[in-house]
Amino acid sequence: MSAFRSDFLRTLSERGFIHQISDESGLDELFAKETVTAYIGFDPTASSLHAGGLIQIMMLHWMQQTGHRPVALMGGGTGMIGDPSFKDEARKLMTPETIQTNIDGIRKVFSNYLTFGEGPRDALMVNNADWLLPLNYLEFLRDVGRHFSVNRMLSFDSVKLRLDRDQSLSFLEFNYMILQAYDFVELNKRYGVRLQMGGSDQWGNIINGIDLGHRLGTPQLFALTSPLLTTASGAKMGKSLNGAVWLNPDMLSAYDFWQYWRNTEDADVGRFLKLYTTLPLDEAARLAALGGAEINEAKKMLATEVTAMLHGRDAAEQASETARKTFEEGITADTLPSVEVPRSAFINGIGILSLFVTSGLAASNGEARRHIQGGAVRLNDEPVSDDRRLITLDDLDQENGLKLSLGKKKHILVRPV
RNA sequence: GGAGGAGUGCCCGAGUGGUUAAAGGGGACGGACUGUAAAUCCGUUGGCUUAGCCUACGUUGGUUCGAAUCCAACCUCCUCCA
């Protein structure tokens with residue numbers, strides 16, 4: 001790995017963000033010499049980003065920290081198509097309404113990582129629907145489409161999977177890379193963007209943008225991709241105990257988010273500290289070097305730091321404290337995630353199965369029953385073996401309500417209201 | 001437009017008339033062991049008012065005592081030809 005002169009690339013490199021760069025020395029020189037504007041695109045495929053997208057956001061964050069101007073691009077236009085890169089089959093088309101809803105959901109998170117505004121180094125958020133939607137088909141084909149070789153596009157790894165699996169790649173999807181390339185050029189014209197960053201799966205798309213720039217006479221554009229992150233044991237990032245690790249607080253609580261990072265595999269701690277927190281490198285290295293059970297301290301630090309950036313320091317500390325009470329002291333913290341159940345339901349008694357379903361710990365009565373049969377269920381820390389168990393007012397603790405547990409890690413408070 | 005092939009549970013994939021809620025693998029979840037880790041081992045993996053009932057093998061009909069399995073039409077995809 002070469003030594004970078006610019007703060008930005010050096011930081012990214014030291015912290016493990018860099019997978020490929022189109023022209024290392026050229027880009028380094030640019031960053032060393034002037035304030036650079038770079039962008040990353042975010043597809044509105046869900047109403048929240050998840051942990052997998054954090055690495056991109058962190059790259060934008062470091063850009064701003066080292067004195068440059070990040071642009072977060074919402075794919076309101078490209079979302080009308082859906083990126084086929086490395087997908088083994090076509091995605092369902094999203095309606096314009098869904099896309100808009102998703103963009104509204106996604107955009108909120110960025111202000112925790114970036115400072116937006118009008119200044120030369122303030123971050124920008126733009127939506128490619130602004131220029132993609134009004135395009136005139138024939139004009140676009142003549143101005144932009146003629147620069148693309150279908151022969152070449154077919155040779156990209158990103159579509160290979162689809163072709164190899166004998167799955168259809170529709171013409172609609174085939175256009176995605178053209179539009180993304182056009183975005184790059186358009187962003188250069190509008191905001192002087194010189195660099196596009198993204199996950200390593202975006203390399204082909206970004207390179208297309210650079211090529212298009214050449215042909216349309218933009219200044220030299222650059223590509224920088226981050227590694228596709230998996231855990232040390234090979235799983236994709238972003239799955240938690242309760243599903244996806246969403247960034248939006250209404251989709252995943254700060255506590256559950258904290259728990260996700262707390263359960264990081266040993267072998268990932270060092271890497272994640274560098275990627276997902278802003279802790280100094282020597283501190284990250286020290287924490288990662290802790291051996292045996294000691295490394296749990298590093299995991300807590302990781303969890304608290306990552307959570308603090310997203311949900312705020314207070315929420316992170318509280319999540320940490322809730323976890324400490326729950327796992328280390330074995331007492332019921334009243335800050336555990338909770339569900340409210342009408343007090344009246346307990347008068348005649350509510351079945352343990354349906355309580356499990358309402359609390360979200362099980363998807364169906366059958367699943368709850370299987371968990372009970374498997375010995376995974378506890379009520380106020382008492383094992384439950386009877387799936388017909390009725391929960392009545394007598395089971396309620398006056399302070400906390402009722403603690404329902406599934407396995408060793410999932411706990412939820414049931415509050416009578 | 002013509003000829004041939006395919007569509008199975010979260011995913012991959014077996015299954016060509018009955019004992020099939022459907023082999024096997026993966027993933028996921030739970031248990032044991034640990035350190036709220038990994039690896040390993042064990043178990044579970046359609047719903048319900050659970051000795052029973054309901055829904056399910058692209059869709060809709062049909063044949064049959066009985067269909068994921070046979071027939072017809074339709075939809076989608078693949079391959080070759082035009």
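Residue numbering restarts at 1 for every chain, and letters A, B, ... go by the order of the sequence lines.
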Between B/U36, B/A37, B/C29, spot the one nearest the side chain of A/A323, thanks.
-> B/U36
For nucleotides B/G58 and B/G15, find the distance between their P atoms and express it as a whole number of Å.
-> 15 Å
B/G66 pairs with which nucleotide, Watson-Crick or G-U wobble, both distances below 3.5 Å?
-> none
Determine which nucleotide pairs with B/A14, using a 3.5 Å limit on both distances of a Watson-Crick or G-U wobble pair.
-> none
If you check every side-chain atom of A/E265, which of B/U36, B/G30, B/A38 has the closest atom?
-> B/A38
Nearest-angstrom distance, C1' atom, B/U64 to B/G17 = 9 Å
Give a yes-or-no answer on whether the side chains of A/K299 and A/N263 include a donor-acceptor pair shorter than 3.5 Å.
-> no
Indicate, with a heavy-atom threshold strictly under 4.0 Å, whether A/A267 touches base, sugar-phosphate, or nothing.
-> nothing
Checking only heavy atoms, does the side chain of A/K410 share a donor-acceptor pair with the base of B/U36 at less than 3.5 Å?
-> no
Rounded to whole angstrom units, what separation is found between the CD1 atom of A/I350 and the P atom of B/U49?
-> 13 Å
Does B/A37 have OP1 or OP2 sitting under 4.0 Å from an N or O in the side chain of A/K409?
-> yes
At under 4.0 Å between heavy atoms, what does A/W258 touch on the DNA or RNA strands: base, sugar-phosphate, or nothing?
-> base
Nearest-angstrom distance, P atom, B/A28 to B/C11 | 15 Å
Take atom C1' in B/U60 and the same atom in B/A67, then report the distance between them in whole Å.
-> 16 Å
Could you walk me through whether A/R152 and A/D211 pass salt bridge (charged side-chain N to carboxylate O under 4.0 Å, His left out), step by step?
-> CA-CA 12 Å; A/R152 203 169 104 74; A/D211 285 347; 2.7 Å; yes
Rounded to the nearest angstrom, tell me the gap between atom CG in A/L361 and atom P in B/C29.
-> 14 Å
Flag side-chain contact, heavy atom, 4.5 Å: A/F257 against A/L310 | yes
Tell me yes or no: between the side chains of A/Q180 and A/D183, is some donor less than 3.5 Å from an acceptor?
-> no
When both distances are under 3.5 Å in a Watson-Crick or G-U wobble arrangement, the nucleotide paired with B/A21 is none
For A/S364 and B/G47, is the shortest distance between a side-chain N/O and OP1 or OP2 below 4.0 Å?
-> yes
A/K408 side chain, from C-beta outward: closest of B/G35, B/A32, B/G30 = B/A32
Euclidean distance, atom CG of residue A/N365 to atom P of B/U50 [Å, nearest integer] = 10 Å
Per nearest nucleotide of RNA chain B, the residue lying toward the 5' end, A/R388 or A/G375, is A/G375
Determine the interatomic distance between C1' on B/A68 and the same-named atom on B/U20; round to the nearest Å.
-> 9 Å
Side-chain ion pair, A/E186 and A/R190, N-O less than 4.0 Å = yes
Determine which nucleotide pairs with B/A3, using a 3.5 Å limit on both distances of a Watson-Crick or G-U wobble pair.
-> B/U79
Can you tell me, in whole Å, how much space there is between the P of B/C53 and that of B/U63?
-> 25 Å
Using atom CZ of A/R262 as one end and atom P of B/A38 as the other, report the distance to the nearest whole Å.
-> 11 Å
Integer angstrom distance from the P of B/C70 to that of B/G5 = 13 Å
Watson-Crick or G-U counterpart of B/G61, or none if no pair lies under 3.5 Å | B/C71
base_contact_polar (B/U45 base, A/R370 side chain, donor-acceptor, <3.5 Å) | no
How long is the line joining CG of A/D387 and C1' of B/U44, in whole Å?
-> 15 Å
Between A/E367 (CD) and B/C29 (C1'), how many Å, whole number?
-> 8 Å
Assigned partner base of B/U49, Watson-Crick or wobble definition, under 3.5 Å | none
Does the side chain of A/W261 come under 3.5 Å of the side chain of A/T307 through a donor N or O and an acceptor N or O?
-> no
Separation of atom CZ in A/F272 from atom P in B/A38, rounded to whole Å | 12 Å
C1' spacing across the pair B/U8 / B/U69, given as an integer number of angstrom = 11 Å
What is the pairing partner of B/C41, taking Watson-Crick or G-U wobble pairs with both distances under 3.5 Å in any strand?
-> B/G31
Touch class at under 4.0 angstrom, heavy-atom based, for A/T264 against every strand present | sugar-phosphate
N/O donor-acceptor pair, side chain A/Q259 with base B/U36, under 3.5 angstrom = yes
Ignoring hydrogens and angles, state whether a donor on the side chain of A/S25 or A/D28 is under 3.5 Å from an acceptor on the partner side chain.
-> no
When the distance from CD of A/E328 to C1' of B/G35 is rounded to whole Å, what number comes out?
-> 11 Å
Would you say the side-chain atoms of A/T78 and A/N128 include a donor-acceptor pair closer than 3.5 Å?
-> yes
A/A293 or A/G366: which one's nearest nucleotide on RNA chain B is closer to the 5' end?
-> A/A293
